[in-house]
Amino acid sequence: MAISIKHLFGLRGVPATDITQILKTADNFKEVLTRPIKTVPIMRGKTVLNSFFEDSTRTRTSFELAAKRLSCDIVNFSASTSSIKKGETLRDTVRNIEAMKIDIVVVRHKSTGVPKYIADCTNTTVINAGDGANEHPTQALLDILTMQENFGRLKGLRVAIIGDILHSRVARSNTWGLKSMGASVVLCGPKTLMPPYTEEFGVDVTYDVNEAIEEADVIMILRIQLERQSSGLFPSLNEYRERFGITRERLRVCKKRFIIMHPGPINRGLELDSDVADGENSVILDQVTNGVAVRMACLYLLGGGQQNE
Ligand code: CP
């Protein structure tokens, strides 16, 4: 079954039927990834541009692997070694690359709206790999797939997202996606790192981490962006850890069954202690594994791969 969206800019406004189809397709690709030969020829001849204007480990690598598993050609573009350094505009850069016949552009950029801008000035399909503090839809989809695998459902799950909500594209995409799928979300973090417009999200908000985690099935911890501390948004890293850091001790109030998630990279000993990150409730590496299957599903469904079967 095809999906209704042409590009993946974010999960806001994406129908639950599309999310369900992406999850179902990713689940099928997970089986492919367990085979001795992990490559399928279903997107042979398609070309993907992996364009990262901001650093990445997980997203960049898993998009590259996903494209290769589908037999796409993939070109990695790095802004730091491109003619952007010589003053070329983003529009000229992407239009020149498009002229080399690219089918799908995967883009990460520090500015909100760049994926939409690229779609507006080219004829390629665009997948957002994280734009500023706006959205990171494939991260949320892999998170949602991981939750579904662990609980067998999404409807009715209670998901606590803890940390720097204000600057988090992961929190935004998860909020939109989870709400579409019938889960409930509680956001928790320092007041200075909470956006003023959470009513629009239709979520609960608390500044008490114990209150956030005690009823949660899923505890999703966000990376503290260390550069924020110098902007005075929280007093010190020690105080942050004291009030919001997830320690084994703190988890005593939790339900019997819960999972710990983190999108990475982790500041160990700050937002999350190592024994929790590597402990029995952690599904952090499963998230990374699911990232490849989810990105295969997005490339396949958005890149017209199903017509090649
Ligand atoms: N979760 C995530 O986006 O990680 P990277 O920045 O390493 O891609």
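By convention here, the first residue in the shown sequence is residue 1. One-based numbering, in listed order, for ligands and for the atoms of each.
- Listed by atom number, the atoms of ligand 1 under 4.0 Å from T59 heavy atoms are 2 (C), 3 (O), 4 (O), 5 (P), 8 (O).
- Atoms of ligand 1 lying under 4.0 Å from any heavy atom of T57, numbered from 1 in the order shown and given with element: 5 (P), 7 (O), 8 (O).
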### Message
Under the criterion ring-ring contact (aromatic ring centres under 6.0 Å, His included), I'd like the reasoning laid out for F244 against F234: C-alpha separation, chi angles, the key distance, then a yes or no.
### Response
CA-CA 11 Å; F244 298 99; F234 56 95; 9.1 Å; no
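- The shortest N/O to N/O separation between P263 and ligand 1 falls below 3.5 Å.
- Short contacts between ligand 1 and Q139, defined as distances under 4.0 Å to a heavy atom of the residue, involve ligand atoms 1 (N), 2 (C).
- Side-chain contact annotation: N290 with E149, donor-acceptor N/O pair under 3.5 Å present.
- Distances below 4.0 Å separate heavy atoms of G264 from the following atoms of ligand 1: 1 (N), 2 (C), 4 (O).
- The aromatic rings of W176 and F201 lie perpendicular to each other, with more than 60° between the two planes, well past the 30° mark.
- Of all the listed residues (R108, R58, R169), R108 holds the heavy atom that lies closest to atom 6 (O) of ligand 1.
- Grouping the Ile, Leu, Val, Met, Phe, Trp and Tyr side chains by contacts below 4.5 angstrom, directly or via other members, places L23 with V32.
- The salt bridge (Lys or Arg N to Asp or Glu O under 4.0 Å) test applied to D103 returns no partner, not counting sequence neighbours.
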